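Before any comments, here is the structure.
Values in this document were obtained by computation on a predicted structure and should not be read as measured data. Index from 1, following the sequence.
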Amino acid sequence: MPRFRLVGLPSDAFEPLFAMDDGELAARGARRVVADASTGFPCRVSLVDADVGDELLLLPFEHLAARSPYRASGPVFVRARARRAVLEPGVVPPYVTRRLMSVRAYDAHDMMVDAEVCAGADVHASLERLLADDAVAYIHLHNAKRGCFSCRVERVG
């Protein structure tokens with residue numbers, strides 16, 4: 001049985017932002033974009049790439065809001081009207097498998113205990129290997145080329 005589940009960001013944190021005008025978004029360091037390609041606009045809520053023509057926000061997001069040296073934030077895309085994905089155990093979607101990924105394992109104190117970079121097709125094996133260590137409490141996936149946060153990986157079972 002797989003030891004992990006990929007989880008998107010909660011949509012309610014982003015929904016009010018879509019009602020803001022471009023000036024209000026800019027004041028928050030965000031901008032509205034429209035996907036003009038079928039890849040390159042990965043939604044961190046739904047864990048799918050946006051379709052051409054989809055409205056998204058590109059904004060800063062604190063993905064590791066911990067009292068730890070690894071506290072971190074970075075840019076994320078979020079599609080309008082996206083719903084939070086909580087995938088079945090062991091499922092690694094094309095959103096991940098088509099990218100080079102950085103896999104970062106953290107302990108219960110939000111300290112990084114291991115990390116590796118791998119092809120998206122190898123993420124499943126990487127997650128299983130890292131979660132074999134009981135010290136690993138959770139994992140973050142990042143798009144390795146641009147360094148952007150992709151999603152959280154939680155233990156199951």
- Item | D51 versus A35, closest heavy-atom pair with distance | O-CB, 3.3 Å

- List the atom of E15, the atom of R83, and the distance in Å for their closest heavy-atom pair. OE2-NH1, 2.6 Å

Ignoring hydrogens and angles, write down the donor-acceptor pairs under 3.5 Å from the side chains of residues 150-157, residues two or more places apart or on other chains.
| unit_1 | atom_1 | unit_2 | atom_2 | d |
| --- | --- | --- | --- | --- |
| S150 | OG | Y95 | OH | 3.3 |
| R155 | NE | V136 | O | 2.7 |
| R155 | NH1 | L131 | O | 3.1 |
| R155 | NH2 | L131 | O | 2.9 |
| R155 | NH2 | D133 | O | 2.8 |
| R155 | NH2 | V136 | O | 2.9 |

- Item | Distance-minimising heavy-atom pair for A30 and L59 | CB-CB, 3.5 Å

- Ionic contact status for E128 with R3, cut-off 4.0 Å: yes

- Is any side-chain heavy atom of L130 less than 4.5 Å from a side-chain heavy atom of I139? yes

- Salt-bridge test for D110 and R67: reply yes if a basic N is under 4.0 Å from a carboxylate O, no otherwise. no

- Query: Are F41 and R79 side-chain neighbours, meaning at least one heavy-atom pair lies under 4.5 Å?
  - Reply: no

- Task: Can you see which heavy atom on M111 is nearest to which on P69, and at what distance?
- Result: SD-CD, 3.5 Å

- Query: Do D49 and R98 meet the salt-bridge criterion of a basic N to acidic O distance under 4.0 Å?
  - Reply: yes

- Task: Before accepting this row, confirm whether a basic side-chain N of the pair E116/R104 lies closer than 4.0 Å to the acidic partner's carboxylate O.
- Result: no

- Item | Over all atoms of both residues, closest heavy-atom pair of A82 and S11 | O-CB, 3.3 Å

- Note on the structure: When every non-hydrogen atom of A108 is compared with those of A137, the smallest separation belongs to N-CB, 3.6 Å

- Message: Quick check on the hydrophobic clustering: are M112 and L64 connected, directly or via other members, by side-chain heavy-atom contacts under 4.5 Å?
- Response: yes

- Residue list, ring pair (Phe, Tyr, Trp, His ring centres under 6.0 Å) with F61, at least two apart or on another chain: F14

- Test salt bridge (charged side-chain N to carboxylate O under 4.0 Å, His left out) on D22 and R32 and set out the steps. CA-CA 7 Å; D22 290 346; R32 191 178 323 274; 3.3 Å; yes

- Among L6, V96, D122, the one residue meeting side-chain contact (heavy atoms from CB on, under 4.5 Å) with L127: L6

